[in-house]
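Structure first, then comments.
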Amino acid sequence: MREYDHKKIEKKWQTDWEKKRIYQAKDFSKKPKYYSLIEFPYPSGDGLHVGHPRPYIGMDVISRKRRLEGYNVLYPIGWDAFGLPTENYAIKTGKDPRIVTKKNSDTFRRQIKSLGISFDWSREVYTTDPKYYKWTQWIFLQFLKKGLAYKAKIAINWCPKDKIGLANEEVVGGNCERCGTSVEKREKEQWMLGITKYADRLDKDLDTVDYLPQIKLSQRNWIGRSEGAEIDFEIKGSDKKIKVFTTRPDTIFGATYLVLSPEHAFMSFLDDRSLNSKEIKEYVASARKKTEIERTNDEKVKTGVELKGIKAINPANKEKIPIWIADYVLPHYGTGAIMAVPAHDERDFAFAKKYGLEIKNVIEPIFIAKFEEGLPFVERNAISAIIKHWSEDKYLALKWKTVPWVTFVTGGIEKGQTPEAAARHEIREETGFLNLKLTKTLPNTHSKFYHGQKKENRFAHFTNFYFELENGEQVEIDELEGKAKHDVIWLKPDEIEKLLTPEGQIRDWKLLQKDIVYMSDGILANSGKFSGQDSQKAKKEIIKFVGGKEKITFKLRDWGGEPIPVIFCNKCGIVPVPEKDLPVELPKVKNYQPTDSGESPLANIAKWVNTKCPKCKGPAKRETDTMPNWAGSSWYYLRYTDPKNSKAFADKKNLKYWTPVDWYNGGHEHTTLHLLYSRFWHKFLFDLGLVSTSEPYKKRTSHGLILAEGGEKMSKSRGNVINPDDIVKRYGADTLRLYEMFMGPFDQAIAWSEEAIIGPRRFLERVWSMQYKVQKNKKYTEFEIEKTVKKTTEDIEEMKFNTAISALMIFVNEAGKSEFISQEVYEKFLLILSPFAPHIAEEIWRNLGHKKSIHLSDWPKWDENLIRDEEVTIALQINGKVRAEIMIKADSDEEEIKKRALANEAVLRYLAGESAKKVIYVKNRLINIVV
RNA sequence: GCUGGAGUGGCGGAAUUGGUAUACGCGCUAGUUUUAGGAACUAGUGCCGCAAGGCUUGAGGGUUCGAGUCCCUCCUCCAGCACCA
């Protein structure tokens, strides 16, 4: 019996596989293709830590399984090397980023190879390679041609220490993510890509792909589609109009003022027309000075200034309403102006409260409780009354006798009766109390419910009152009307919310304690001819009524990116670099020091910057800003299909064969920006007829981070990095792979444990020693392997690698008990183990006499008939508690089992003479005896 | 604040979706054995209790013959978004 020598085995097979190129994808094949993809790594100087390979191993398991299932698999890798860290590193060391990148990727490659990941190394791409970024630039020129790339002056976050622009994500709490310096706001010309033009498609087409639900959700949130309307508000005494965007046109009768963002174009028209133009100008100027962060982070205290002497006209009710400017209205969303409905919007409410603006209720809440399906609704006008005790902080409620309700006093309004009179009448009848002071009338509410006593569905319209009792004087209550139906109880404030049944009354109570802004749909009120209608249903009619237009708006904004391949000419303006001159290569720069102005270090290299205009041949300058790193990573998966092509970014035939990516796994942190941007690029290329599918990725999943043992992020600066090299040396790549897949759910973050890794190693030891128990032509533990094959096959597809491995372990534990194992069964086992532990599986496979690699074999099938157990254990429960177990033949007769159960000794003991009320049988699972 | 996810032994985590809670692994306890290593093997291991037995899935209520799973209220943690009208 040989020892399990992982070092020898792993080295040997890695060399062999590489020599025979068994993982190289073939362009075009009779086999069906399968394209599995991981996010390509950023090769930092720190080398790999154990967190990096988790997704690679996960997709490796999928890819290896697909090969065994007969697919022609493309599983490529490359290096994403542009971007801030490289630049920062270069700045620090003064070294050429390309040399640094090369060195780093060499380390990464060696480390990844030592794990036995089945990447096709012949298709490696580098985003820093001119042969690659030539095509990034080329795609950019296509954007330019179609008008989807444009230059705009936008505010950027500027770190004065690093002298570098930061993306919003790189600003944490107003400080630079890297160095902690407080970030400034700077205006800078930036290249923008018009992703917003694709917003609708990016949203809709999510229906056509198989992404994890959370991923779709966060993409949808990021795109932020919302349906609403644009409505013009006329300015009194002027032909000017202000256009607002709203998702709640149904609340327009409650719009009591307008708010414009300080950047709004109306401001320039205004000039000195308003009575307080100086104040306004000051406010606009101060808002401009604030950074985006200040504007949104100032604990959301709202400030604003009224445009005095100017009024707008609410098109719904023709009322004159004031106009304000305030920086809580964002310039770049909707029209940069809103109609404020303080009664039904929290932000408007806070603002209105602060500045004493009118608050007009136009939506009355509707509460829908349980009702009988199919029964018509009987409409009733009703009252509800909160009544305070005359001397204590207690409130009157009725505890109903026939139904399990606790309510405030309620009752119908008779014809000709005022609501207040109805309330007083009802209170007297039901409680006998006489001396009430009407303290407050609360807003109306509506409620749909089933009236258990009257046996009908009710649609009640409530007028709500708050009374205070002046004293305890009472009259005798009529037996029938009062006491027979309910008892009067007094509730303390903290009991009310817990005990009260009707939601509407709970709301009344809460409203009495504090302001509540009702923002949901309901019944319209104070809304002219629309009063009484369902707010949701009336939306469209109201838009028509006020002359508005339905409109869909997106949160998504165009994003800045800085391309290289353009030239600025004084005569011709922005001129694209001719395609034949691509790529525009970066010059070798000796000094990578950044400049104070925010210009690229390239700007100092006159020789490179000064060039000729391709159009007029006059003197011109090159764009000196460099591409953001997401540009290169937006299309890299296309390059893998044809990585060496010098005529196009990839040949159409290759693209047609390999795309779309069948399964793309990546980090949670990329589910919005990267994923959205690459979808956008892909759709653009699709529109140009350059790729053959409208979506790049058929399926997308995420993996969780691996954290350090304390649960902290792993990083060199924290000094808690676990290097896979050490693990591979001591336990072997197979153990590491197995452990990473076994440690917990794949999509969840999880802390590394140096202790727990021994488990998978022991498992492999047992797998190893099993080979010495193999018997040919004998069958053992047959149905166990069938079960294991089924479970493993299914779990891998759902990325439930942890339970798949658990099934493998259970098999080995079981099979290990018998003296022998049949070769057939053992081989099946090795095949389903092979995606997780490819080296040991290969070694044993060959030891068993195979000449060809296990990884070129076939994935085993299982026989459903063998899995079905002949006998099953079922539980005997009494009142839901397990008291005994019995063995029965699978699918045996129900009555017979029940008889056996009732005759069971343990059952009889627990029954203790009592007879069974009911016996429930769940097929092949349990019997529950109710006593 | 909003949205999404989660809370199960000493620890990482299972649970065919309403049907025997704690699979698998780590750790721990006892034993066996050895080429003395960061070992291997065998048995045991949710909690309380000597036991019979009782109790257990963040807390509290509810529905059900039966709830980790469904409903309501609340608490805690993680992630993303953050005035998007």
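Nothing here was measured: the structure is a model prediction, and the numbers come from that model. A, B, ... follow the sequence lines: proteins, then strands. Residue 1 opens every chain.
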Q: Give a yes/no answer on whether the side chain of A/Y739 brings an N or O atom under 4.0 Å of OP1 or OP2 in B/G25.
A: no
Q. Contact class for A/I750 (heavy atom, under 4.0 Å): base, sugar-phosphate, or nothing?
A. sugar-phosphate
Q: For B/C78 versus B/U63, give the span between their P atoms, rounded off to a whole number of Å.
A: 35 Å
Q: Count the heavy atoms of every other residue, nucleotide or ligand shown that sit under 6.0 Å from CD of A/E905, and state whether that count exceeds 12.
A: no
Q) Does one side chain, of A/R883 or A/N904, offer a donor that lies under 3.5 Å from an acceptor on the other? A) no
Q: Select base, sugar-phosphate, or nothing to describe what A/E765 touches, counting heavy atoms under 4.0 Å on all strands.
A: nothing
Q) Are OP1 or OP2 of B/G25 and a side-chain N or O of A/N813 less than 4.0 angstrom apart? A) yes
(Q) Does A/R225 reach a base, just sugar-phosphate, or nothing at all? Heavy atoms under 4.0 Å. (A) nothing
Q: Select base, sugar-phosphate, or nothing to describe what A/I338 touches, counting heavy atoms under 4.0 Å on all strands.
A: base
Q. A/R762 side chain N/O closer than 4.0 Å to the phosphate oxygens (OP1, OP2) of B/G25?
A. no
Q.
Taking any heavy-atom pair under 4.0 Å as a contact, classify A/P213: base, sugar-phosphate, or nothing.
A. nothing
Q: Round to a whole Å and report the spacing from CD of A/E503 to C1' of B/U73.
A: 13 Å
Q: Examine A/K302 relative to A/F351 and say whether NZ or CZ is less than 6.0 Å from the centre of the six-membered ring and inside a 45° cone about the ring axis.
A: no
**Q.** Greater than 12 external heavy atoms within 6.0 Å of A/E754's CD
**A.** yes
Q: Flag yes if more than 12 heavy atoms outside A/K354 fall under 6.0 Å of its NZ atom; otherwise flag no.
A: yes
**Q.** Dot-bracket summary - RNA chain B, pairs being Watson-Crick or G-U whose distances fall under 3.5 Å, with | when paired to another strand
**A.** (((((((..(((......[....)))((((((.(..)..))))))(((....)))..(((((..]....))))))))))))....
Q. With sugar-phosphate meaning primed atoms plus P, OP1 and OP2, does A/I920 contact a base, only sugar-phosphate, or nothing at under 4.0 Å between heavy atoms?
A. base
Q) Under 4.0 Å between a side-chain N or O of A/R730 and OP1 or OP2 of B/G37? A) no
Q: Identify whether any heavy atom of A/Q748 sits under 4.0 Å from a base atom; if not, whether one sits that close to sugar-phosphate; answer base, sugar-phosphate or nothing.
A: sugar-phosphate
